[in-house]
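Fair warning: this is a prediction, and the values are worked out from it, not measured in the lab. Scope of the values below: all heavy atoms of this structure, side chains included, with no hydrogens, waters or symmetry mates. Residue numbering restarts at 1 for every chain, and letters A, B, ... go by the order of the sequence lines.
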There are 2 protein chains.
Amino acid sequence: MSEIFKKHISKFAQVSDEEFEEIKTYFSTKEVAKKENLLEAGQICRHHYFVLNGLLRKFYINEKGTEQTTEFAIETWWLTDNFAYEKQVPTQFYIQAVEKSIILYITIEKQEKLLEAFPVMERYFRFVYQRAYAAAQKRIQFLFSFSKEEFYLQAVRNHPEFVQRVPQYLIASYLGFTPEYLSEIRKRLLS
Amino acid sequence: MSEIFKKHISKFAQVSDEEFEEIKTYFSTKEVAKKENLLEAGQICRHHYFVLNGLLRKFYINEKGTEQTTEFAIETWWLTDNFAYEKQVPTQFYIQAVEKSIILYITIEKQEKLLEAFPVMERYFRFVYQRAYAAAQKRIQFLFSFSKEEFYLQAVRNHPEFVQRVPQYLIASYLGFTPEYLSEIRKRLLS
């Protein structure tokens with residue numbers, strides 16, 4: 001299973017087999033049940049998660065008491081509340097398994113030690129954050145540009161497998177509308 | 001002026017005076033006039049900008065023909081269209097000086113060469129992207145959580161100097177409403 005991680009590192013940085021065996025020891029593996037929470041609002045955000053298999057989502061409870069999903073993470077994606085993780089402060093977010101998942105995770109202390117021992121991993125994480133930042137910038141542009149309905153159409157067009165994979169009520173939670181409204185849009189699309 | 005850059009690097013990575021003299025040679029400096037565009041929609045995004053002095057903003061023209069500002073960059077902030085910069089493709093964005101500014105800039109080819117020659121700069125840029133990503137995640141949460149009016153109040157409360165410094169019509173362009181609507185909110189706040 002850790003082969004997935006090794007392959008992902010090798011997309012951005014050169015790491016030998018021996019080095020990878022060492023690098024692996026900084027991480028722990030965990031099987032997460034469907035709907036299990038890895039992180040809950042109010043907790044110190046201790047871990048950075050890497051999805052080997054499955055699907056995670058990050059959400060918070062908004063002032064109306066509704067779950068607002070802000071991110072999903074599928075295989076080879078990293079997920080955490082980056083601000084709370086770096087500062088080791090309580091988070092407002094939940095991180096939950098959407099499907100039964102297998103994940104790697106690391107603490108900030110171990111991540112810092114890993115980066116000291118293997119500076120080549122600075123390059124890897126530089127790319128991880130660089131790509132994640134570019135994706136977040138696109139998301140911000142989309143939030144301004146598109147109506148919720150257009151945003152859904154974009155998702156169906158650009159990520160059809162993802163839209164198939166994720167339960168509809170979570171797609172609604174990501175787009176910021178009710179499951180009922182999403183049903184309406186889908187009906188309109190089919191008619 | 002390059003002392004500002006050196007000081008910023010030293011927040012995240014250890015670089016000797018001799019190394020910094022070398023690192024500097026990968027960058028160019030430019031004085032930008034107020035309202036001068038560094039990047040325009042349709043152009044290949046060739047540069048990554050670091051503000052030594054002054055203030056830049058990034059915006060695009062939305063479907064209504066209005067300028068939607070998505071980011072500002074003050075001293076020691078990096079700014080580019082990260083997706084278009086990494087892929088070297090045409091951008092949809094403009095980058096413009098809000099005030100007369102002095103900036104450093106680098107191309108992606110030179111940035112890659114710099115990172116090869118000085119792997120310590122991987123650590124620097126890893127931190128730059130990590131922080132920028134965390135800020136973008138917060139922004140996304142704010143876009144979902146707050147009404148435009150609440151968002152403005154947050155900005156006034158958390159970044160009063162910034163709100164003072166930036167022309168009101170650009171604050172409006174960042175928040176996604178008209179200058180007239182912003183005037184209304186301000187009047188309501190004062191009354």
Side-chain angles (χ1 to χ4, degrees), chain A residues 12-13 45 48 58-64 66-71 78-87 91-93 108 111-112 115-116 119-147 150 173-177, chain B residues 12-13 45 48 58-64 66-71 78-87 91-93 108 111-112 115-116 119-147 150 173-177:
Chain A
F12 306 113
C45 181
H48 200 182
K58 188 172 138 191
F59 67 92
Y60 67 97
I61 313 271
N62 67 20
E63 66 291 348
K64 288 175 203 146
T66 321
E67 292 180 3
Q68 174 64 55
T69 299
T70 58
E71 275 158 276
W78 286 91
L79 189 66
T80 192
D81 173 355
N82 283 277
F83 181 82
Y85 175 67
E86 192 189 324
K87 309 280 181 205
T91 181
Q92 299 170 7
F93 286 93
I108 190 103
Q111 190 175 332
E112 266 305 309
L115 292 167
E116 271 167 43
V120 65
M121 291 298 283
E122 291 282 8
R123 184 173 173 83
Y124 170 70
F125 279 108
R126 192 258 300 167
F127 265 109
V128 165
Y129 289 119
Q130 182 179 324
R131 296 269 167 102
Y133 177 45
Q137 283 186 317
K138 270 212 177 299
R139 179 99 194 277
I140 289 168
Q141 189 193 357
F142 279 17
L143 283 172
F144 277 114
S145 291
F146 296 121
S147 70
E150 285 167 333
S173 163
Y174 180 70
L175 296 173
F177 43 64
Chain B
F12 305 113
C45 181
H48 200 183
K58 189 172 137 190
F59 67 91
Y60 67 97
I61 312 271
N62 67 19
E63 66 291 347
K64 289 176 204 146
T66 320
E67 292 179 2
Q68 175 63 57
T69 299
T70 58
E71 275 157 277
W78 286 91
L79 189 66
T80 191
D81 174 355
N82 284 276
F83 181 84
Y85 175 67
E86 192 188 325
K87 309 280 181 205
T91 181
Q92 298 169 9
F93 286 92
I108 189 103
Q111 190 174 330
E112 266 305 308
L115 291 168
E116 271 167 43
V120 64
M121 291 298 282
E122 290 283 7
R123 183 173 174 83
Y124 171 69
F125 279 108
R126 193 258 300 166
F127 265 109
V128 165
Y129 288 120
Q130 182 179 323
R131 297 270 166 102
Y133 177 46
Q137 283 185 317
K138 269 213 176 298
R139 179 100 193 276
I140 289 168
Q141 189 193 359
F142 279 17
L143 283 172
F144 277 114
S145 292
F146 297 120
S147 70
E150 285 167 334
S173 162
Y174 179 72
L175 296 173
F177 43 63

A:Gln68 CD to A:Asn62 CG distance, which is reported to the nearest 0.5 Å: 6.5 Å

For the interface with chain B, which of A:Ser145, A:Gly176, A:Ala135, A:Pro119 has the highest count of heavy-atom pairs at distances below 4.5 Å? A:Ser145

Count the heavy-atom pairs under 4.5 Å between each of A:Met121, A:Glu86, A:Glu122 and chain B, then report the option with the highest count. A:Glu122

Below 4.5 Å from any heavy atom of chain A, which atoms of [X] appear? Answer side chain, backbone, both or neither.
X        : answer
B:Lys58  : side chain
B:Glu63  : side chain
B:Phe93  : side chain
B:Gln130 : both
B:Tyr124 : neither
B:Leu175 : backbone

Should the pair A:His48 and A:Tyr129 be assigned to parallel (<30°), tilted (30 to 60°) or perpendicular (>60°) ring geometry? parallel

Looking at A:Arg139 and A:Glu71, does any basic side-chain N land under 4.0 Å from a carboxylate oxygen? no

Would you name the heavy atoms of A:Thr69 and A:Phe59 that are closest together and state the gap between them? CA-CB, 3.6 Å

Exam field: side chain B:Ser173 to backbone B:Glu67, donor-acceptor pair closer than 3.5 Å: yes

Would you say CD of B:Gln92 has more than 12 non-hydrogen atoms from neighbouring residues, nucleotides or ligands within 6.0 angstrom? no

